[in-house]
Amino acid sequence: MSRVSEREVVIKLVEYMKELIHDDVWYRTNYVLRSVEFFPTQPEIDLIIGRGSKKNKYPPITAAEVKYIRTTKDGHVSHSYYSGLDEALALLVLGFDYVVLVHLVRTELLKSVFLNYIE
């Protein structure tokens, strides 16, 4: 099984969302705020998406923190349900209209690990 990066997953998510949304949308993935004066930590925003085109953008503008939950190289899974919550909350300070936290889980993990919690 090949390793897929979180960046690749974000691109696939955007492609999927564009099929569902019937309006024109613009988006930026893995956007880094480069103003050291205002953002000394230079946070990376996984996804920014809004209505319109790259030239004409209309509110609301949504920022998303995307976490791709998968096994590590040694076969372990992070069981943290709070993964990315701090980053998503930090996006609120930047003035986006909406902020979402997206947890994407590999299918085999959903079946073998997460659904076992129900039992």
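Positions are given from 1, in the same order as the sequence printed here. Being a predicted model, the structure only gives us computed values, none of them experimental.
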Treat each ILVMFWY residue as a node, draw an edge where side-chain heavy atoms are under 4.5 Å apart, and state whether Y98 and I61 are in one component. no
Under a 4.5 Å cut-off applied to non-hydrogen side-chain atoms, are L20 and Y16 in contact? yes
Any side-chain heavy-atom pair of E19 and M17 under 4.5 Å: no
Under the 3.5 angstrom rule, does the side chain of D97 hit a backbone N or O of T62 as a donor-acceptor pair? no
Mind checking whether E44 and E87 have side chains closer than 4.5 Å, heavy atoms only? no
So do the side chains of L91 and I45 get within less than 4.5 Å of each other, counting heavy atoms only? yes
Do I11 and I48 sit in one hydrophobic cluster, given that two such residues count as connected whenever their side-chain heavy atoms are within less than 4.5 Å of each other, even indirectly? no
Could you tell me whether the side chain of K18 reaches within less than 4.5 Å of the side chain of V25, counting heavy atoms only? yes
Contact between Y27 and T29 at the side-chain level, heavy atoms closer than 4.5 Å - yes or no? yes
Is any side-chain heavy atom of L13 less than 4.5 Å from a side-chain heavy atom of V66? yes
Close side-chain approach of D46 and E6, heavy atoms under 4.5 Å: yes
Gap separating the OH atom of Y68 from the CG atom of L104, nearest 0.5 angstrom: 8.5 Å
Nearest heavy-atom pair of G52 and Y58: which atoms, and what distance? CA-CD1, 3.7 Å
Grouping I, L, V, M, F, W and Y whenever their side-chain heavy atoms are under 4.5 Å apart, do F96 and L92 come out in a common cluster? yes
When you measure from the side chain of W26 to the backbone N and O of I49, does any donor-acceptor pair fall under 3.5 Å? no
Do other residues, nucleotides or ligands put more than 12 heavy atoms under 6.0 Å from the NZ atom of K57? yes
Distance from L101 atom CG to E65 atom CD, nearest 0.5 Å? 7.0 Å
